[in-house]
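Written below as structure tokens is the structure these notes are about.
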Amino acid sequence: MGAVTPPKQDRSRATRQRLLASAVACLAEHGWAGSTVSVVAEHAGVSRGAAQHHFPTREDLFTGAVEHVAESRSAALRALPVQGRAEVVAALVDLYTGPLFRAALQLWVAASNEAQLRPRVTELEARVGRETHRIAVELLGADETRPGVRETVQGLLDMARGLGLANLLTDDTARREKVVAQWAALLDDALG
């Protein structure tokens, strides 16, 4: 028989999850300047004090939020059934065209100007980048012992990030679908 989680812990966990989701939504919608702890707390439907209980600083809140969502996306990628390369490329590109990417981009821009945030975001992005690369290698069935394969996979992820940037101002779906199809064909040739 499993242990029963006390209701207070459940409420605390639920509050934390709401704050994390709200932080990502606020960053994506309002950018760094418009995303304060108070704005996130209001969006999450909790008090500022509750927000600060879970995340003592603004940096804690937003780096925690991006990390949490990135981990969720990595878990979703790992859970994908084995598919063809076109589906894998599309799934990887999707990582860079949604609210998580918008939120992460806002965090990157803020970190480029705020010295106390920069090391946290740099470390987070390095960790997320390594994990995404590792998952991409697995999903693509890529053999990185072959010359050029590592760079080819990294090129895919860099291209996906570029497509995410292109999608920020206008809906780039039609062009992106053609690029994804072409990259999948190139990967089939390059990876064998």
Show me the donor-acceptor pairs within less than 3.5 Å that the side chains of residues 108-117 make with the rest of the protein, sequence neighbours left out.
{"unit_1": "Trp108", "atom_1": "NE1", "unit_2": "Glu125", "atom_2": "OE1", "d": "3.3"}
{"unit_1": "Trp108", "atom_1": "NE1", "unit_2": "Glu125", "atom_2": "OE2", "d": "3.0"}
{"unit_1": "Ser112", "atom_1": "OG", "unit_2": "Val109", "atom_2": "O", "d": "2.6"}
{"unit_1": "Asn113", "atom_1": "ND2", "unit_2": "Val109", "atom_2": "O", "d": "3.4"}
{"unit_1": "Glu114", "atom_1": "OE1", "unit_2": "Gln116", "atom_2": "NE2", "d": "3.0"}
{"unit_1": "Glu114", "atom_1": "OE2", "unit_2": "Trp32", "atom_2": "NE1", "d": "2.8"}
{"unit_1": "Gln116", "atom_1": "NE2", "unit_2": "Glu59", "atom_2": "OE2", "d": "3.2"}

Can you give each donor-acceptor pair under 3.5 Å made by side-chain atoms of residues 94-103, sequence neighbours left out, with the distance rounded to 0.1 Å?
{"unit_1": "Thr97", "atom_1": "OG1", "unit_2": "Asp94", "atom_2": "O", "d": "3.3"}
{"unit_1": "Arg102", "atom_1": "NH2", "unit_2": "Leu168", "atom_2": "O", "d": "2.9"}

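Residues satisfying the side-chain contact (heavy atoms from CB on, under 4.5 Å) criterion with Val37, sequence neighbours excluded, are Arg48, Ala51, Gln52, Arg58, Leu61. Under the rule for a side-chain contact (heavy atoms from CB on, under 4.5 Å), the partners of Ala90 that lie at least two apart in sequence or sit in another chain are Val180. Residues meeting the side-chain contact (heavy atoms from CB on, under 4.5 Å) test with Gln17, sequence neighbours left out: Leu20, His68. The side-chain contact (heavy atoms from CB on, under 4.5 Å) test applied to Thr36 returns Ser38, Val39, not counting sequence neighbours. Remark: Arg127 pairs with Glu67, Glu123 by the salt bridge (charged side-chain N to carboxylate O under 4.0 Å, His left out) rule, at least two apart or across chains. The salt bridge (charged side-chain N to carboxylate O under 4.0 Å, His left out) search around Asp188 returns Arg85, not counting sequence neighbours. When the salt bridge (charged side-chain N to carboxylate O under 4.0 Å, His left out) test is applied to Arg134, the partners found at least two apart in sequence or on another chain are Glu131, Glu138. With sequence neighbours excluded, the residues forming a salt bridge (charged side-chain N to carboxylate O under 4.0 Å, His left out) with Arg161 are Asp158, listed by chain and number.
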- request: For the pair Arg146 and Asp143, evaluate salt bridge (Lys or Arg N to Asp or Glu O under 4.0 Å) and give the outcome as yes or no after the intermediate values.
  value: CA-CA 6 Å; Arg146 292 180 46 217; Asp143 177 4; 5.4 Å; no

query: Taking it one step at a time, do Gln182 and Val179 satisfy side-chain contact (heavy atoms from CB on, under 4.5 Å)?
result: CA-CA 5 Å; Gln182 181 62 27; Val179 172; 5.7 Å; no

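Note that CE of Met159 and CD of Gln154 are 11.5 Å apart. Values are rounded to the nearest 0.5 Å. The OG atom of Ser22 sits 10.5 Å away from the CD atom of Glu42 when rounded to the nearest 0.5 Å. Put simply, CD on Gln9 and CZ on Arg16 are 13.5 Å apart, with the number rounded to the nearest 0.5 Å.
Listed here is the closest heavy atom pair of Ala142 and Val149: CB-CG1, 3.7 Å. Shown here for Arg120 and Thr63, the closest heavy-atom pair between the two residues is NH2-OG1, 3.2 Å. The two residues Leu19 and Ala44 come nearest to each other via the heavy atoms CD2-CB, 4.0 Å.
Criterion: ILVMFWY side-chain heavy atoms under 4.5 Å apart, direct or through other members. Under it, Leu186 and Leu92 are not part of a common hydrophobic cluster.
In this structure, Leu165 and Leu105 have side chains that are in contact, with non-hydrogen atoms separated by less than 4.5 Å. In this structure the side chain of Phe62 reaches within 4.5 angstrom of the side chain of Val40, judged on heavy atoms. Ser35 places none of its side-chain heavy atoms less than 4.5 Å from the side chain of Glu29.
Listed by first and then second residue, the ring-ring contact (aromatic ring centres under 6.0 Å, His included) pairs that reach into residues 129-167 come to none, sequence neighbours excluded. Under the salt bridge (Lys or Arg N to Asp or Glu O under 4.0 Å) criterion, the residue pairs touching residues 174-187 are Asp172-Arg175, with sequence neighbours excluded.
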